[in-house]
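Have a look at the structure below, then the notes.
Values below: all heavy atoms of this structure, side chains included; hydrogens, waters and symmetry mates excluded. For ligands, and for the atoms within them, numbers begin at 1 and follow the listed sequence.
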Amino acid sequence: MDNKPQWAQEALEKICRKMPAAMEKARQCDFIPYTVSEGQWQPGPIDGICWWTNGFWPASMWQLYAATGEEAYLREARRAEEMLDAAFADFPHLHHDVGFMWRISTGFDYELTGNQTSWARTVFAANLLAGRFNPNGFIRAWNGECTGWAIIDCMMNLSILYWASEQTRDPRFRLIAQRHADTVIRHFIRDDGTAEHIVIFDPETGAVLDKPGGQGYAPGSVWSRGQGWALYGFAIAARHTGEARYLETSRRVADNFIAAVGEDWLPDCDFRQPKSPIIKDDCAGAIAACGMLELAELVDEEAGRKYRDAAEKLLRALAEQHVDWSEEYPALLTHCTGAYHNESDRHIAMTYGDYYFIEGVARLLGKPVCRW
Ligand code: GLY
């Protein structure tokens with residue numbers, strides 16, 4: 001296989017051609033873009049500035065800045081980063097996704113520009129995430145009554161904890177991340193290499209109380225985006241810690257994903273959903289592709305080829321079938337799905353799907369990329 005596929009080069013060029021119009025539309029909004037309706041950006045449905053995806057738009061800008069050196073991306077990333085400061089002041093609405101929100105917005109700013117204010121914002125967010133740790137071995141996901149709830153998505157949030165330990169030379173953050181990751185191996189990862197979405201623990205004792213269905217089809221099913229969170233999250237854990245058990249877990253989930261995805265390489269929302277209706281989730285494909293590209297760098301050459309090949313197929317299927325390349329549509333992907341049973345957010349745009357698509361294309365091309 002070509003190491004720098006031509007289709008990916010063309011995809012990056014087309015992304016860059018679309019972006020000036022997308023950024024102009026974003027500048028007209030008083031929110032950070034999440035989805036699209038009638039050709040215009042729309043905000044997240046709840047939580048205001050604390051909406052969990054609000055780091056992804058600036059993160060896309062940073063990846064494009066890293067890939068092209070174009071200052072317009074830096075300016076737009078900074079504009080969104082400053083809007084995010086209001087979320088710190090709205091602490092009651094923050095949740096475990098502070099990892100997503102600041103690791104790849106302010107964290108990437110610091111990495112690319114050395115901006116000390118961004119560094120402080122990122123360390124502050126890491127402290128907020130560490131503060132959600134339950135000493136029974138898990139990070140609490142959501143607020144309200146969900147005192148013992150942990151979800152697979154948090155495997156990606158752990159990245160900010162590894163980063164904080166590396167930056168501050170204080171192991172507490174990494175140790176919390178590893179305690180959580182070890183709990184996930186024990187209670188989320190099934191024998192067949194698939195991952196639960198939600199596990200509810202007794203917050204006093206850590207005993208497992210329930211494994212309900214989440215955003216996938218049903219309890220015991222295989223929510224494809226959750227598989228992506230697990231496989232990429234464990235690959236990141238392996239890179240930051242060097243621990244073989246995280247690498248092995250990531251590989252098991254990745255192998256299962258490859259076996260389940262189907263010949264079109266466009267993941268169903270749930271790998272155990274009924275044949276009809278056909279519900280796809282582009283986010284799952286883009287996240288899993290980035291996870292596989294990360295994995296490819298951590299394993300031997302033969303396994304690396306397998307994961308890179310699968311990642312390329314996932315991204316190419318999106319580029320050729322599920323991206324709207326027109327300038328009227330400010331996003332990229334068209335078939336992202338929030339949750340299997342929620343018809344209102346089925347086959348829509350989502351800025352986090354777009355983020356992973358951009359990261360994946362840049363990685364395939366060997367461009368400089370910011371790492372989680
Ligand atoms: N982290 C929430 C989701 O994947 O929908």
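The Tyr352 neighbourhood of ligand 1 comprises atoms 5 (O), with distances under 4.0 Å to a heavy atom of that residue. Applying the 4.0 Å criterion to heavy atoms of Gln215 picks out, from ligand 1, the atoms 3 (C), 5 (O). With ligand atoms numbered from 1 in the order given, ligand 1 contributes 4 (O) to contacts under 4.0 Å with heavy atoms of Trp229. Atoms of ligand 1 lying under 4.0 Å from any heavy atom of Trp223, numbered from 1 in the order shown and given with element: 3 (C), 4 (O).
The line from CD1 of Ile151 to CD of Gln215 is 7.0 Å long, rounded to the nearest 0.5 Å.
The aromatic rings of Phe108 and Trp372 sit perpendicular, their planes meeting at an angle over 60°, well past the 30° parallel limit. Using bins of under 30°, 30° to 60° and over 60° for the plane-to-plane angle, the ring pair Trp119/Trp163 lands in the tilted bin.
For atom 5 (O) of ligand 1, the closest non-hydrogen atom of the protein is Arg225 NH2, 2.6 Å. With respect to atom 1 (N) of ligand 1, the closest heavy atom belonging to the protein is Asp153 OD2, 2.6 Å.
Side-chain rings of Trp62 and Tyr110 stay apart, their centers remaining 6.0 Å or farther from each other.
Of the charged side-chain nitrogens involved, at least one lies within less than 4.0 Å of a carboxylate oxygen, so that Arg305 and Glu301 count as a salt-bridged pair.
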